[in-house]
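Structure record follows, encoded as structure tokens.
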Amino acid sequence: MSELRFDHVSVRYGSRSTGLTAVDDVSLTIPSGSVVGLVGESGSGKSTLARAAIGLAPVTGGTITLDGVDVTTLRRRHPIQMVFQDPFSSLDPRMTIGESIAEMIPRGTFSSAAAKRAEVGRLLKLVNLDPDRAGSLPGALSGGQRQRIGLARALAARPEVIIADEITSALDVSVQGSVLNLVRDVCAELELTMLFISHNLSVVRYLSDYIAVMYLGHIVELGPVDEVLNNAKHPYTRELLASVPTRNGNLLAVDPAAPLDVEPADPHHPPSGCRFNPRCPIGPLVHPERQICVQSAPQLPTTPGHATACHFAELTKDRLPQPFEPAW
Amino acid sequence: MPTRLKWLSIVRSPVGATATVLVLLLALLAVFAPLIWGAQAEAIDTSGTQQGPSAEHLLGTDALGRDVLARVLIATQLSVALAVIAVVIGVTVGTLLGTAPSVLPRWAGRLVVGIVNIAVAFPGLLLALFFAVIFGVGTTGAVLAIGFAMAPGFARLTQTMSAAIAGRDFISAARAAGVSRLRVLIRHVLPNIAEPLIVNATVAAGGALLAFAGLSFLGIGVQVPAYDWGKLLGEGLNRIYINPAAAFGPAVAVIVAGLAFNLLGETAASVAGGRVTIGRWTLPPRPQPTTRAVPAFSTVSVGTILSIENLRVSYPTPSGLVHPVRGVSFEVREGEALGVVGESGSGKSLTALAASRLIEPPGVVDADRLEFNGIQMLTAPEKTIRGLLGTSLAMVFQDPMTSFNPTRRIGSQLAEAAQEHQGMSKKEAMKRAVKQLQAVRVPAATRRAEQYPHEFSGGMRQRAMIAMGLMNSPKLIIADEPTTALDVTVQRQVLRLLERVRTDTNAAILLISHDIAVISQSCERVLVMYAGRVVEDLPTAELYTGARHPYTRALLEVVPDLDTDREQPLGVIPGRPPAPGEVPLGCAFAARCPLATAQCREADPELEIHRDKHRVACWNPVESDTRVTLPELTAAAHTEAAPVATVGGAQ
């Protein structure tokens, strides 16, 4: 069992007057052995939430628990590990990859240096790399290979939960597939729980069991992946889905009713009420009578299954963008 | 670059070599001079005091008749040793102070930072004098004074560099694994800042040498009977009208030694910073345009805005000339939206830069034809090209932050383009700038024109960049990964904007992207590039059904879509693209291609017309209705094997 639970978690940076609440009262449960995909635009707080789980961001409210144990009290054990976005800055350029991996092996696990070396070799094999490469420096490796080392390093700490933060966004598409396949296989084999963060919905859909959509520090929609993607209820989720370049989609289609080209909100001065209201195609900009969106923030229902934080979630059903034929 | 090779390159530059020789000479002198000239320097000759230069005493003698030259040579030891000890003290104390905040509790760290900030504000020499008074007059006092006076500078340097390293993910990873702060400091931070620290210490040694000379000269440094260059200079200066050489000798010594340390440090710094390149490159003569059959577009047809034939971009490297772009031919027609897709290193951005003559030396651009709007870009004078950029040819880059001047308001930067090229008045130009910002749907355009680039979000900056391009009604907009740094929702807005600009103004658009889905959604035609060549050129409407090159097919396969089968592993293209210097003999994709034959490994296929508006460079093009099966996901497919069968250089 290794259930990771965020309970009313807030992360606030800076002072009272100039600060910024990157994560605001977020509750999210990652059931043991499952993969939760977290999507949202840059500045939505998805990476901050992940960094809070491994102690790299200050939790200013709420608790993060692993099987009921507050993660901030887990000083000796490090059961939550992260794979980072940038394969070029996530490995110390002056350490061989073997040393980088060995550093993460908990102290006292292996008595001899030979056993430690064998463990490094095992981990490298696990991520489909030649164990003989333990002596090479990261500079000699490609981006895809470095991301595998990043995974091997995370696995060296014997984690129960893996947090993958945009692990393929710096990779070429021809390499991306191999890294995603690997992450999926390894997590299934080791029965790991995973929080998978990406801005790419297609990638999140491929890997996740559940999906959580974040907007400006709030989770706006949450549920089993097929439910959320096939029956998105929050207008923001719908906008995201419509923006994914796919072979059958139509990026240039215009929804005549939607407020176009609105600037993303400033996280330092979030709008009152529902934070999506200045961009919302079913909100007060289009329907002036819906003042509730400006006055009160919708809460995410705590019931299990598909949940949406929107006052008018049930009304979104027929609001997909109109088909639009391009000029050619 | 191997570290040893890198440091060797210090010696290769004339300045570096001179400085190295001088420093070595100083070291030798410091060690051996007392053994060789020791007796001579101490020999008191009361009969020949205060003499001028002679064959026996080249720099004359001092008040006790001792040989000045011998004394200058012997003083090397004390002068250099004192400088080195002071630098060691400065660097050690500085590094301790600089790294302390990352180990100490927060409040203590802040205190240290505060103290260092105050100390940095004091001039170094003032600080040295202050310490000299505290530690007492004498050699020890002077060493401590100069050492401590240097410490704040090094503390600041260490702080800044550690802060830069501390933001990197490998530090986060180590911290997440519970590595203690002290261990992170010792294992990760210090090794990564050691290089610049040592370089700076070398420069500082030169400064310390001068500082000691100064202190001794003032009489608060080295005391008799010991002597260093400063002391000798002081003595010599008292008798400068009797024997100028006695002052001249130590002065030259101080200057030469100071210069030697400084120059060595500077050269090392530029090597460490990558400003110096290994060896010397001789630019080969401009490659002769090859007379090979160009399959399409032998003449420029009417309505063509950009015509490129056999474009090559070459860069010299230590191992010879490499060609990241190897013979690219295509045309862009008026009002057309043409996409260029390829992985990183495929040459797509270089092609765009070459088309607008923006390749910087030592890069060499060469083509059979490079014609934009009737102008021969390769032969046109610099001035014509500059006039084109920003008028009929607009460029939009991935990071608009670097394309704007951060210290000037967006509106005036836009207006400048119109003032420069159309001779508009400032007021008119400003009006047009606001109008263009409105045209690209920047909300509250009048107010935002008064703002600085950093006040714009990424998407809005990209809009402003497009607006800047539109100031002078361009005929072609080259957009190089304009949406890569943006969120998908903003990406969609920018793509829509480009489409609207195209339909409204009939400007052609050359859109470069690594995302084939983006191209397929926003362009009429797509060029697929691989290893510096166009491998396929086809209408996007046929992309998913009619692509014939195995690479295009593979690209379409590997990108997960919203309806990808989740039960199957994702497709993978095994191997990786060849580096520009390692392009194999035949088709560059052969090593990764499931359909490759012996022919593919021997000869590179030409880009040939397959049918109307569709060109493909492949010996075994895929039939329209067959599906290319990518290799099963095995361990072999996981490993990104180095390309096989490589030949050195592409010549």
Side-chain angles (χ1 to χ4, degrees), chain A residues 41-42 54-56 75-76 78 80-82 84-86 89-95 100 103-104 128-129 142 144-145 153 157 172-178 180-182 199 201-203 205-206 229 239-252 254 260-264 327-328, chain B residues 168-170 172-179 187-188 191-192 343-344 441 443 457-460 487-493 495-497 499 503 514-518 520-522 524 541 544 554-556 558-564 566 569-573 576-577 633 635 637-640:
Chain A
E41 58 195 24
S42 49
I54 55 169
L56 293 178
R75 287 199 178 275
R76 298 230 159 252
H78 295 277
I80 308 173
Q81 284 298 319
M82 185 145 155
F84 294 87
Q85 171 175 7
D86 181 358
S89 90
S90 62
L91 293 173
D92 189 333
R94 308 210 168 235
M95 271 173 125
S100 279
E103 188 179 36
M104 299 296 145
N128 296 315
L129 282 172
S142 71
Q145 287 169 331
R153 180 177 58 180
D172 264 320
V173 283
S174 68
V175 182
Q176 169 178 284
S178 70
L180 291 175
N181 288 334
L182 175 71
H199 65 279
L201 267 176
S202 305
V203 168
R205 174 189 164 276
Y206 179 74
L229 296 185
E239 193 185 323
L240 266 187
L241 278 168
S243 306
V244 179
T246 63
R247 64 179 67 187
N248 301 320
N250 196 339
L251 279 187
L252 304 179
V254 182
L260 276 173
D261 307 321
V262 202
E263 245 185 295
W328 57 87
Chain B
R168 309 267 287 273
D169 286 339
F170 64 83
S172 303
R175 280 180 53 198
V179 179
R187 296 197 63 175
H188 293 291
N192 278 298
E343 293 177 72
S344 48
R441 292 179 181 260
S457 66
M460 283 302 147
D487 290 309
V488 280
T489 49
V490 186
Q491 161 171 287
R492 183 175 175 215
Q493 293 172 3
L495 291 176
R496 277 187 195 152
L497 169 66
E499 172 62 18
T503 44
H514 66 281
D515 191 337
I516 199 163
V518 164
S520 78
Q521 295 269 305
S522 50
E524 298 157 290
Y544 288 99
L555 264 189
L556 295 169
V558 296
V559 183
D561 206 329
L562 279 178
D563 44 20
T564 303
R566 301 209 295 153
L570 286 172
V572 170
I573 309 177
R576 54 204 255 203
L633 191 85
H638 271 314
T639 48
E640 292 151 42

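Within every chain, numbering begins at 1; the chains are lettered A, B, ... in the order of the sequence lines, protein sequences first and strands thereafter.
Proximity to chain B is limited to the side chain of A:M95, based on heavy atoms less than 4.5 angstrom apart. A:Q81 touches chain B through its side chain: at least one heavy atom from C-beta onward sits under 4.5 Å away, while N, CA, C and O do not. Contacts of B:D169 with chain A are made by both backbone and side-chain atoms, with heavy-atom separations under 4.5 Å. Residue A:L240 touches chain B through both its backbone and its side chain, counting heavy-atom pairs closer than 4.5 Å. With a 4.5 Å cut-off on non-hydrogen atoms, B:E343 touches chain A through its backbone and its side chain both. If you measure heavy-atom distances from B:V179 to chain A, the contacts under 4.5 Å come from the side chain alone.
Ranked by non-hydrogen atom pairs under 4.5 Å with chain A, the options B:L562, B:D515, B:I516, B:V559 are led by B:L562. When A:L241, A:D172, A:L91 are compared by the number of non-hydrogen pairs under 4.5 Å with chain B, A:D172 comes out ahead. For chain B, the option among A:V173, A:D86, A:L229 with the highest count of heavy-atom pairs below 4.5 Å is A:V173.
At a threshold of 4.5 Å between non-hydrogen side-chain atoms, the residues B:L495 and B:Q521 do not count as touching. When side chains are defined from C-beta on, A:L56 counts as touching B:R175, because their heavy atoms get closer than 4.5 Å. Between B:P560 and A:R205, every side-chain heavy-atom pair lies at or beyond the 4.5 Å cut-off.
What you find for B:A517 and B:S520 is that their closest heavy atoms are O-OG, 2.9 Å.
Judged by distance alone, the side chain of A:Y206 and the main-chain N or O of A:L180 form no donor-acceptor pair under 3.5 Å.
Legend: residues meeting ring pair (Phe, Tyr, Trp, His ring centres under 6.0 Å) with B:F170, ordered by chain and number and at least two apart, are B:H188. Contacts of B:D561 classified as salt bridge (Lys or Arg N to Asp or Glu O under 4.0 Å), with partners at least two apart in sequence or in another chain: A:R247.
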